[in-house]
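Within every chain, numbering begins at 1; the chains are lettered A, B, ... in the order of the sequence lines, protein sequences first and strands thereafter.
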Number of protein chains: 2
Amino acid sequence: MEITGRDQDILRATILCYIKTATPVGSRTLTKISELGLSPATIRNVMADLEELGYLEQPHASAGRVPTEKAYRFYVDHLLGPTLSAGEGDGLLALRFTPSEDVTDTLQEASRLLSLLSHYAGVVVTPRFSSQRFKRVEFVRLGERQLLAIFVSEDGFIQHRRIEMDDAPSANQLRQIAEELNSRFRGQDLHAIRATLVEEMREHKHRYDQLMQQILDAAQGSPTQPPGDLYVEGKTNILDFPEFAEAEKMKALFKTFEEKYMMMTLIEKSLDGDGVRVFIGSENAALGVNNLSLVLANYRCGEHSYGTLGVLGPTRMEYDRVIPLVDQVARLLGEFLTHPARTDRAAG
Amino acid sequence: MEITGRDQDILRATILCYIKTATPVGSRTLTKISELGLSPATIRNVMADLEELGYLEQPHASAGRVPTEKAYRFYVDHLLGPTLSAGEGDGLLALRFTPSEDVTDTLQEASRLLSLLSHYAGVVVTPRFSSQRFKRVEFVRLGERQLLAIFVSEDGFIQHRRIEMDDAPSANQLRQIAEELNSRFRGQDLHAIRATLVEEMREHKHRYDQLMQQILDAAQGSPTQPPGDLYVEGKTNILDFPEFAEAEKMKALFKTFEEKYMMMTLIEKSLDGDGVRVFIGSENAALGVNNLSLVLANYRCGEHSYGTLGVLGPTRMEYDRVIPLVDQVARLLGEFLTHPARTDRAAG
DNA sequence: GTTTAGCACTCGACGTAACTGAGTGCTAAC
DNA sequence: GTTAGCACTCAGTTACGTCGAGTGCTAAAC
């Protein structure tokens, strides 16, 4: 069942060739391109074996072979190890990264960088706000029964939420609440704060119960409000690949991009460890398209909080180039978000 | 040079037929469809005249005729007058409009409504913030030299802007400034406030000069920050029309949508009066596509401020249906934004 | 003078058939 | 185990004929 050394070489060569040309790879082509010194007939035999094992398939009887998802999976998991560390050096990358003072701008910039350097689409999901460290809250009255709560996190993310109330608290009450929250909870994340307060409320019931509850709920975000945001840059890069040349495929791709929310939850759910992970083709079935791959990594944002970024491209993606790129950008962005001053000085 | 009554009828019939079928219209087809009681030969003669005048053209010698932009222009300007008032009644429309407490959600909802009812794409541009009436400002310190200013308008729009400072004002100073601005300027628009303050500063120079200046600049918005936002809903509706069936056309459309900023400035610039206006084909050259039309109207938002909304579709658009729709949605939205309570009660 | 019928002509769309070439599988020889 | 040779397959392209929608023009009818 396992694949021998030479078979692996041929599989790798087939995949690389297909990634480059997007056309089925024939045995003759491989003899020319690869340095294996084998005749077409030999390669044909091997390819027939690989097809039987499910790594290659033929679009039609008299065509060359095309790698299956299983092949890409194997390639990424087993054939790519040694190449990966040889990224093009962080230094060069850092030069092209121009972070802004505004965190969301910086994230968008990271997305743009990913798209630019990968030639695919760059994606960045903001960290879940509720897992970030709280810095400050401020209230603004919008009307008799409406309040605007502005939450600022230590890392510079800002969210405002409208709060509907039954009672209208006085300006003083609001200031009091804000001050209490600001002085007591700075540096903790919203999850923790919420837990503490819920506990506390149970013990000493005081006047602000309901309002406080609403404020905390608002901070957590309601299920209808997405918990973060998604930046996708360079969508049009993907259009130029031949796999989306037909109108139908293109329309499907278009619809995928429209469903921003779908894509965001997919990306958010799919990753909760360290390092780069690759999701190939139908592993992203939720996208509604089965010839897209995602190369994702978490980036650090402060001590406890993570967001996700990566590259979206055709299954036939240059994984060997993209994986180290995603890794590096994630590190770079994490570095900047966690120690803005240092990176700032370096970049400015 | 002018077109006689019967010629107009034939032109109208041709346009209507082409809008419906998207295929070149022949003389025979017209005799069947229209109620003119004329033979194909007669219609051929008239069509030949219309072609000479630039209202029709033939894709190739032995095909039917297709309306030119000039024809659509003429149709919209002169042949559509009587039909327009006969919209499908505001009542029905109002029922399908479900405004939210959040203004931006409401705008997005309006865009969705436009897309849903027109079967094209709905677009909404938010009002320029700087022309809205000021309600309140609040400051949050983000760091040693960073300040967050939150501006709230009377109509419920919220904007926050980061401000970089040389000096760090104390919490007291900030509160003082906020209170001064809030008590003195409520209800005026930012343009006016700025003018007043600039004047005042020239007379009595006081401590906050520079900071105040920065705050005002932030409120106005910098040139790099777009002055508003754009919501486009139902992009995929447009994909299904045969004029975008070819991959190339579709790609161009895609790229148009990517350039959100371009589209927004185009829409913002093109309208500054009352009522519905129509921009046909190459009149929207800035979009990079020349077979799209825009039907736009301003909506009122408070007393002095306007935003723009409308429908984006192929040149071959059902103007007779879309124009009253855009008109009505603009009114409805304006009504809601200006007197939220009244509309709210009616809808809830 | 306007309208209509008739007719020859044009030209894209569609379908069929033949050809080409890239690529395979198999068998036999090295 | 590897390679050379050969027959076979099949998508893609080209060439060609047919079809039909539609036109322009001319001459007759109203």
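When the side chain to side chain donor-acceptor pair (under 3.5 Å) test is applied to A:S62, no partner is found at least two apart in sequence or on another chain. Evaluation of the side-chain contact (heavy atoms from CB on, under 4.5 Å) rule for A:D9 yields A:R12, A:L36 as partners, not counting sequence neighbours. Shown here are the side-chain contact (heavy atoms from CB on, under 4.5 Å) partners of A:A13, two or more places apart in sequence or in another chain: A:L30, A:S34. Applying the side-chain contact (heavy atoms from CB on, under 4.5 Å) criterion to A:E69, with sequence neighbours excluded, gives A:I280, A:S282. By the side-chain contact (heavy atoms from CB on, under 4.5 Å) test, A:E318 is found to be paired with A:I19, A:Y120, A:D320, A:R321, residues two or more places apart in sequence or in another chain being considered.
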Could you tabulate the donor-acceptor pairs under 3.5 Å formed by side-chain atoms of residues 42-49 of chain A, not counting sequence neighbours?
from, atom 1, to, atom 2, distance (Å)
A:T42, OG1, A:S39, OG, 3.1
A:R44, NH1, A:S27, OG, 3.2

Identify every side-chain donor-acceptor pair in residues 286-298 of chain B under 3.5 Å, counting partners at least two apart or on other chains, and give the distances.
from, atom 1, to, atom 2, distance (Å)
B:S293, OG, B:Y319, OH, 2.8
B:N298, OD1, B:T308, OG1, 2.9
B:N298, ND2, B:G273, O, 2.9

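Between A:E233 and A:S115, the shortest heavy-atom contact is O-CB, 3.4 Å.
Residues A:P40 and B:M47 each lie close to DNA chain D; by heavy-atom proximity, the contact nearer the 5' end of the strand is made by A:P40.
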Nucleotides 10-20 of chain C: protein proximity per nucleotide (B base, S sugar-phosphate only, - neither; heavy atom, under 4.0 Å): BBS--------
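Under the salt bridge (Lys or Arg N to Asp or Glu O under 4.0 Å) criterion, the residue pairs touching residues 236-249 of chain B are A:K251-B:D240, B:E243-B:R316, B:E248-B:K251, with sequence neighbours excluded. Judged as a salt bridge (Lys or Arg N to Asp or Glu O under 4.0 Å), not a single pair has a partner in residues 13-27 of chain A (not counting sequence neighbours).
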Using atom names, set out every protein N or O paired with an N or O of nucleotides 2-4 of chain C below 3.5 Å, distance rounded to 0.1 Å.
from, atom 1, to, atom 2, distance (Å)
C:dT3, OP1, B:R6, NH1, 2.6
C:dT3, OP2, B:R6, NH1, 3.4
C:dT3, OP2, B:R6, NH2, 3.2
C:dT4, OP2, B:S39, N, 3.2
C:dT4, OP2, B:S39, OG, 3.4
C:dT4, OP2, B:T42, OG1, 2.4

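Running 5' to 3' along DNA chain D, contacts with non-hydrogen atoms of chain A at under 4.0 Å begin and end at D:dT2 to D:dA11.
If you take CD of A:Q58 and P of C:dA22, they are 17 Å apart, rounded to a whole angstrom.
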